[in-house]
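Both counts, for ligands and for their atoms, begin at 1 and track the order of listing.
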Amino acid sequence: MYAYVRRLLFGLDPERAHHLGLGAARLAQAVTPALVDPLFEYEHARLRQTVWGLDLPNPVGLAAGFDKNARLIPFWKHVGFGFAEVGSVSARRSKGNPRPRAFRLPEDRALINRMGLNNDGAERIARRLRKVVGANGAKSPLPLGINLAKTHDPAIMGEAAVEDFRQSFRLLAPMAGYIALNISCPNTAEGKTFEDPDALDALLAALFAERKAMGLLVPILLKLSPPETEKVVYDSRVEEIVAIGRAHGVHGYIATNTASDRQGLRTDAARLKAIGPGGLSGAPLAPRATRLLRYLYRLTEGRVPLIGVGGIASAQDAYERLRSGATLVQLYTGLVYEGPGLVKRIKEGLVRLLEQDGYGAVRDIIGLDA
Ligand SMILES: Cc1cc2nc3c(=O)[nH]c(=O)nc-3n(C[C@H](O)[C@H](O)[C@H](O)COP(=O)(O)O)c2cc1C
């Protein structure tokens with residue numbers, strides 16, 4: 001079925017196809033949830049976990065960037081996700097980079113995007129969210145991550161950048177099951193500023209102080225860039241980030257965001273040149289994302305939950321990612337190529353793989369291969 005839909009969507013510019021897909025999903029969410037549910041329903045006790053105090057029916061989540069403006073939260077539940085991460089949201093609204101800014105690489109089962117953090121801004125999104133999840137998030141149809149990024153404006157730097165994050169945090173954290181800090185956006189000039197140790201230290205100090213002042217217990221996670229190569233033996237950047245994270249009590253890490261380089265692609269060089277800069281996602285990212293996950297798991301000694309993301313497009317991929325140290329996984333590019341039925345296929349496949357290998361539950365395999 002999705003093969004036909006995909007043929008239609010892949011005939012359009014990727015961003016138009018995305019908006020068309022989101023429009024159809026909004027319609028389904030409003031009109032026909034009773035028709036959507038039976039297609040995607042699948043629950044199994046082996047998939048359940050409690051993470052950061054959140055009850056998660058399964059470990060498969062929606063990655064940031066797909067629902068930047070938090071318009072489809074009920075739909076993600078209908079499709080069978082265990083949790084969804086909306087955003088990135090920035091304090092001020094932003095149109096992002098000029099179009100075209102999203103490209104398909106079908107030969108590589110990959111995407112390149114340079115969206116540039118387009119979103120409606122924290123205030124509007126907070127208003128929208130309050131209606132769906134309630135002022136303290138208690139009404140959310142599924143566990144909700146909210147991903148925050150700095151407003152796309154190179155003039156906002158230093159203390160102003162910290163203040164920018166703080167504003168979004170103040171508005172959105174009360175409704176979040178967890179907050180993810182996107183410090184690894186490759187698509188704005190200053191999107192990785194906070195991977196610098198001093199800047200990260202200042203950001204975490206400010207947000208943890210805000211969290212305390214607001215009397216919130218919301219977990220704070222960091223989303224990291226992929227390593228430059230698959231062969232990470234020692235990465236001083238990651239060591240420093242995790243040391244700072246540990247000092248502030250960061251509750252988890254998300255590995256990884258998209259990659260700026262073009263290593264190992266089948267797509268021809270002329271096409272890549274014509275596309276230009278942007279973050280690479282999908283299958284080519286998988287080995288590096290897995291590698292970083294294993295590294296992070298060892299570095300954190302399995303003490304904080306990790307979310308594995310990057311090139312997951314099957315149950316086997318998800319299973320390997322959990323074995324490599326992920327407590328949860330997320331999907332973006334896999335959904336574009338495989339359609340929403342992928343979520344159920346992954347859940348069914350995970351249960352099959354657990355049974356086949358003699359494990360009782362997802363929690364029994366986390367980090368086995370790290
Ligand atoms: C079009 C597009 C937009 C994205 N926007 C964001 C974003 O706003 N914030 C963020 O943290 N990650 C964003 N991402 C990164 C994804 O969340 C994910 O980390 C990355 O795509 C790797 O996963 P995948 O291979 O399953 O796509 C975006 C990815 C794509 C393809």
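Near Leu285, meaning under 4.0 Å from any of its heavy atoms, are these atoms of ligand 1: 22 (C).
In terms of protein heavy atoms, atom 12 (N) of ligand 1 is closest to Lys223 NZ, 3.1 Å. Ranking the protein heavy atoms by distance from atom 1 (C) of ligand 1 puts Tyr332 OH, 3.2 Å first. In this structure, the protein non-hydrogen atom closest to atom 21 (O) of ligand 1 is Ser281 CB, 3.3 Å. Looking from atom 30 (C) of ligand 1 to the surrounding protein, the closest heavy atom is Asn113 ND2, 3.2 Å. Nearest protein heavy-atom neighbour of atom 17 (O) of ligand 1: Ala64 O, 2.7 Å. Closest protein heavy atom to atom 8 (O) of ligand 1: Lys68 NZ, 3.0 Å. Looking at atom 4 (C) of ligand 1, its nearest protein heavy atom turns out to be Gly65 CA, 3.7 Å. When hydrogens are left out, the protein atom nearest atom 15 (C) of ligand 1 is Asn257 OD1, 3.6 Å; that is the closest non-hydrogen contact.
Polar contact with ligand 1: absent for Gly334 (N/O pair, distance under 3.5 Å). At least one N or O atom of Gly311, backbone or side chain, sits closer than 3.5 Å to an N or O atom of ligand 1. Backbone and side-chain nitrogen or oxygen atoms of Thr333 are examined, and one is located within less than 3.5 angstrom of a nitrogen or oxygen of ligand 1.
Comment: Arg99 does not engage Asp13 in a salt bridge, judged by the lack of any side-chain N to carboxylate O separation of less than 4.0 angstrom. Salt bridge Arg166/Glu163: present, at least one basic N to carboxylate O contact under 4.0 Å. Here Glu123 does not pair with Arg93 in a salt bridge; the nearest charged N to carboxylate O distance is not below 4.0 Å. Taking the charged nitrogens against the carboxylate oxygens, Arg288 and Asp261 do have a contact shorter than 4.0 Å, which makes a salt bridge. Under 4.0 Å is where a charged nitrogen must lie from a carboxylate oxygen, and between Arg246 and Glu301 no such pair does.
Under the 4.5 Å side-chain heavy-atom criterion for ILVMFWY residues, no single connected hydrophobic cluster contains both Val86 and Leu328.
A heavy-atom separation below 4.0 Å is found between Thr256 and ligand 1. Ligand 1 is never approached by Ala102 to a heavy-atom distance shorter than 4.0 Å.
By the 30° and 60° cut-offs, the orientation of the rings of Tyr337 relative to Phe10 is perpendicular. Between Phe208 and His248, the two ring planes are parallel [angle under 30°; tilted spans 30° to 60°].
Annotation: side chain of Asn58 is not in contact with side chain of Ile346 (no heavy-atom distance under 4.5 Å).
Between the side chain of Arg294 and the backbone N or O of Arg323 there is no donor-acceptor pair closer than 3.5 Å.
Among Asn119, Ile254, Asn147, the residue whose heavy atom sits closest to atom 11 (O) of ligand 1 is Asn147. Closest heavy-atom approach to atom 9 (N) of ligand 1 within the set Cys185, Ala63, Ser88: this belongs to Ser88.
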